[in-house]
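None of these values were measured; they are calculated from a predicted model. Just so you know, residue 1 is the first one in the sequence shown, and it goes up from there.
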Amino acid sequence: MTPPPDGSESAAQRTDDAPGPVRTRVVLAEIATPRRGGDPADPAAVQDVLLRGLVRAQLALALRLAVVVLVGLGTLPLLFSLAPSFGEVRIAGFRLPWLLLGFLAYPFLIAVGVAFVRLADRNETDYAALHRDAGGDRR
């Protein structure tokens, strides 16, 4: 009888003087969950907390500015449907809805984008300063 092509042998074919490979049990829950009660001054733990704070601050900034855009542009159609007289106003030969939604919406979106980039950069600068103060940068 020839052994299987992958080189493995069944338990019946293995001899006592040739033991099989040693098995190690790996429990994924132990690997995935961080251990509590470690050293609070551990640089890796401090860096993890700071990074989570940065991500949380960036998410909060994005959500706040998304609300500004939704309120700023989303209420205009509601205004024009509730008060149709605003839709009939003409400025420089253009009706007000065309001016607001067709032309002025783009500068508004660009201004919100510029504000987001500047505020996000400020968040990252604050993170870098905290990271440096916490001893995360050993240069």
Side-chain angles (χ1 to χ4, degrees):
M1 182 170 172
T2 60
D6 62 355
S8 63
E9 297 179 14
S10 67
Q13 295 172 339
R14 197 176 311 133
T15 62
D16 289 335
D17 42 320
V22 177
R23 291 184 171 243
T24 304
R25 184 176 183 152
V26 177
V27 179
L28 294 178
E30 292 176 2
I31 295 172
T33 58
R35 297 193 177 149
R36 302 278 181 191
D39 184 16
D42 180 26
V46 171
Q47 182 180 1
D48 187 44
V49 169
L50 290 176
L51 189 59
R52 286 177 193 244
L54 173 65
V55 170
R56 198 174 303 121
Q58 298 290 55
L59 177 63
L61 173 64
L63 291 175
R64 281 194 311 264
L65 290 179
V67 168
V68 167
V69 169
L70 286 175
V71 168
L73 295 179
T75 57
L76 289 176
L78 181 65
L79 172 71
F80 294 133
S81 67
L82 293 177
S85 60
F86 281 117
E88 300 302 322
V89 174
R90 291 190 173 269
I91 299 174
F94 294 102
R95 290 179 44 205
L96 188 60
W98 275 101
L99 280 176
L100 292 177
L101 295 173
F103 297 112
L104 298 179
Y106 295 107
F108 172 70
L109 290 174
I110 290 172
V112 169
V114 168
F116 175 76
V117 168
R118 288 186 180 169
L119 293 171
D121 188 41
R122 184 185 307 164
N123 284 343
E124 291 175 5
T125 303
D126 293 344
Y127 165 75
L130 286 172
H131 183 69
R132 203 173 26 255
D133 292 344
D137 194 11
R138 303 276 185 214
R139 293 181 222 192

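The hydrophobic cluster containing Leu104 also contains Phe94, counting ILVMFWY residues as joined when their side-chain heavy atoms lie under 4.5 angstrom apart, directly or transitively. Side-chain heavy atoms closer than 4.5 Å link hydrophobic residues (I, L, V, M, F, W, Y) into clusters, and following such links, even through other members, never connects Leu63 to Leu70. Val67 and Val112 end up in different hydrophobic clusters when Ile, Leu, Val, Met, Phe, Trp and Tyr side chains are linked at under 4.5 Å. Both Val69 and Leu101 sit in one connected hydrophobic cluster of ILVMFWY residues. Membership requires side-chain heavy atoms under 4.5 Å apart, directly or through other members. Placement of Val89 and Phe103 within a single hydrophobic cluster is found when ILVMFWY residues are connected by side-chain heavy-atom separations under 4.5 Å, directly or transitively.
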Q.
Between Leu50 and Leu54, is the side-chain contact (heavy atoms from CB on, under 4.5 Å) condition met? List the steps.
A. CA-CA 6 Å; Leu50 290 176; Leu54 173 65; over 6 Å; no
Q.
Apply side-chain contact (heavy atoms from CB on, under 4.5 Å) to residues Phe108 and Val68 and explain how you reach the verdict.
A. CA-CA 10 Å; Phe108 172 70; Val68 167; 4.1 Å; yes
Q) Between Arg64 and Leu61, does a side-chain contact (heavy atoms from CB on, under 4.5 Å) hold up when you go through it step by step? A) CA-CA 5 Å; Arg64 281 194 311 264; Leu61 173 64; 3.8 Å; yes
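Atom CD1 of Ile91 and atom CG of Leu100 lie 7.5 Å apart (nearest 0.5 Å). Here CG of Leu65 is found 11.5 Å from CG of Leu109. Values are rounded to the nearest 0.5 Å. Rounded to the nearest 0.5 angstrom, Leu96 CG and Phe80 CZ are separated by 4.5 Å.
Contact between Ala105 and Leu73 at its shortest, heavy atoms only, is CB-CD2, 3.9 Å. Shortest non-hydrogen contact noted between Phe116 and Gln58 is CE1-O, 4.5 Å. Taking each heavy atom of Leu51 and Tyr127 in turn, the nearest pair found is N-CE1, 3.7 Å.
A search for salt bridge (Lys or Arg N to Asp or Glu O under 4.0 Å) contacts involving Asp48 returns Arg52, not counting sequence neighbours.
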